[in-house]
Structure formats: C-alpha cells, structure tokens
**Q** 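I have a structure here, written as structure tokens, and I will follow up with some questions on it.
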Amino acid sequence: MSQDRPRYWLIKSEPDEYGWDDLVAEGEGLWEGVRNHSAKLNLQAMEVGDQCFFYHSREGLEIVGIAEVSVAGIGDPTDDTGKWAAVKVKPLRKLDNPVTLKQIKAEPRLVDCELVRMSRLSVAKITPEEWDIICAMAQGG
DNA sequence: GCCAACGTTGGC
DNA sequence: GCCAACGTTGGC
C-alpha cells in the first residue's frame with residue numbers, strides 16, 4: 001500500500017557493550033558483528049534513511065531511541081569471509097519515554113512483532129503499524 | 001537428508 | 001545465575 005514511508009527496524013545492543021549513549025557520543029555507529037542469517041537478511045534489506053528503534057537488551061530491556069541508517073549494504077569489516085553484512089546508523093532522537101519490553105508484550109497489537117516472536121533476533125523488522133503504536137507509547141507518558 | 005547434541009543468546 | 005529458545009554442527 002503506502003510505500004512512501006521508510007522501512008522500520010529494531011536493532012538490539014547490550015548497553016554494557018554499546019548503548020545509546022555510545023552511539024550519540026560517536027555520532028555514527030557501525031552495526032557489525034551480526035552472525036545470524038535472519039538478522040543478516042534484515043541488515044541487507046536496509047536502505048539509507050530507514051529508521052531503527054534502538055533497543056537495550058540484557059540490561060534495560062527497553063527501546064531508548066531512534067536511529068537512522070546512514071550507510072547501507074556494506075560488508076562486515078570484522079568478518080574475513082565477506083559473507084556477513086553491516087550498516088552504519090546515526091542517532092536521530094531519544095524517546096521521551098523509553099518503551100519497555102513489558103509494555104510491548106502487554107500491547108495486544110504487538111504480540112506478533114518480530115521482537116516478541118523471535119526474542120533472540122538482534123535485527124528485527126518492524127511494520128509501519130507497529131512503529132506507530134510504539135511511537136505513541138513513547139509519547140504517552 | 002534427518003536428527004541429536006551442543007553452543008549462544010536473551011529474558012527472567 | 002538460571003533456564004528456555006533458537007541456530008548450527010556433526011554423525012549416521
């Protein structure tokens with residue numbers, strides 16, 4: 001239907017290793033180290049301008065901000081075989097109110113989202129509908 | 001090509 | 001720190 005919207009994703013990171021604040025401090029972050037085929041396919045489908053929820057896993061368990069894909073379709077420099085993908089992202093804005101995994105699981109319209117269905121996927125797809133719901137929750141208070 | 005064993009990830 | 005879910009590997 002409406003193809004005039006960017007694609008939406010959710011990228012996970014452990015704040016201990018590389019959190020939202022680290023991304024903001026750097027200005028632009030290389031998203032590499034993904035070694036899962038489903039996640040790789042998502043990475044390869046990303047285009048410049050796509051928007052990503054930035055999710056803190058293990059610690060925090062919440063979406064803390066929105067990042068934008070600044071460079072797409074690059075190979076993972078930490079990989080010698082050349083078969084893994086990476087992208088670069090820039091911080092766009094921090095959420096007014098972080099949206100926790102608990103909130104997401106409590107929202108009936110979000111129980112089917114990739115984040116909930118495949119909890120171990122580090123790069124998940126978000127539909128425009130899911131994006132809008134989560135954005136509303138982030139503004140909700 | 002199938003299935004069991006193992007390792008890793010992530011929520012609790 | 002523990003356990004469940006998923007992916008990958010290796011034997012047959």
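Since the model is a prediction, treat every value here as computed from it, not as a measurement.
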**Q** Between A:Met118 (CE) and B:dT8 (C1'), how many Å, whole number?
**A** 14 Å
**Q** Please state whether the phosphate of C:dG7, meaning OP1 or OP2, lies under 4.0 angstrom from any side-chain nitrogen or oxygen of A:Lys40.
**A** no
**Q** A:Asn36 CG to C:dA5 P: how many Å, rounded?
**A** 17 Å
**Q** Without decimals, in angstroms, what is the distance between A:Glu59 CD and B:dT9 P?
**A** 16 Å
**Q** Describe the nucleic acid contact of A:Leu101 in one word from base, sugar-phosphate, nothing, applying a heavy-atom distance below 4.0 Å.
**A** sugar-phosphate
**Q** Go nucleotide by nucleotide along DNA chain C from the 5' end; which of A:Ser38 and A:Arg58 gets its closest nucleotide reached first?
**A** A:Arg58
**Q** Can you tell me how far P of B:dG11 sits from CG of A:Leu61, to the nearest Å?
**A** 5 Å
**Q** Starting at atom NZ of A:Lys12, determine the distance to atom C1' of C:dC6, rounded to an integer number of angstrom.
**A** 11 Å
**Q** More than 12 foreign heavy atoms under 6.0 Å from NZ of A:Lys40: is that the case here?
**A** yes
**Q** Check the distance between B:dG10's P and A:Glu14's CD and give it to me in whole angstrom.
**A** 6 Å
**Q** For side chain to side chain donor-acceptor pair (under 3.5 Å), just list the numbers for A:Ser70 and A:Glu28, CA-CA rounded to whole Å, side-chain angles, deciding distance to a tenth of an Å, and then say yes or no.
**A** CA-CA 8 Å; A:Ser70 53; A:Glu28 184 179 52; 2.6 Å; yes
**Q** Please state how far atom CG in A:Leu115 lies from atom C1' in B:dG10, giving the value in whole angstrom units.
**A** 11 Å
**Q** Would you say the ring centroid of A:Trp9 lies under 6.0 angstrom from that of A:Phe54?
**A** no
**Q** Go through the steps for A:Val34 and A:Leu43 under the test side chain to side chain contact (heavy atoms under 4.5 Å, CB included), then give the verdict.
**A** CA-CA 9 Å; A:Val34 171; A:Leu43 276 181; 3.8 Å; yes
**Q** Regarding A:Lys105, tell me which of base, sugar-phosphate or nothing describes its non-hydrogen contacts under 4.0 Å with the strands shown.
**A** sugar-phosphate
**Q** Just the rounded figure in Å: distance from P of B:dT9 to CD1 of A:Ile11.
**A** 17 Å
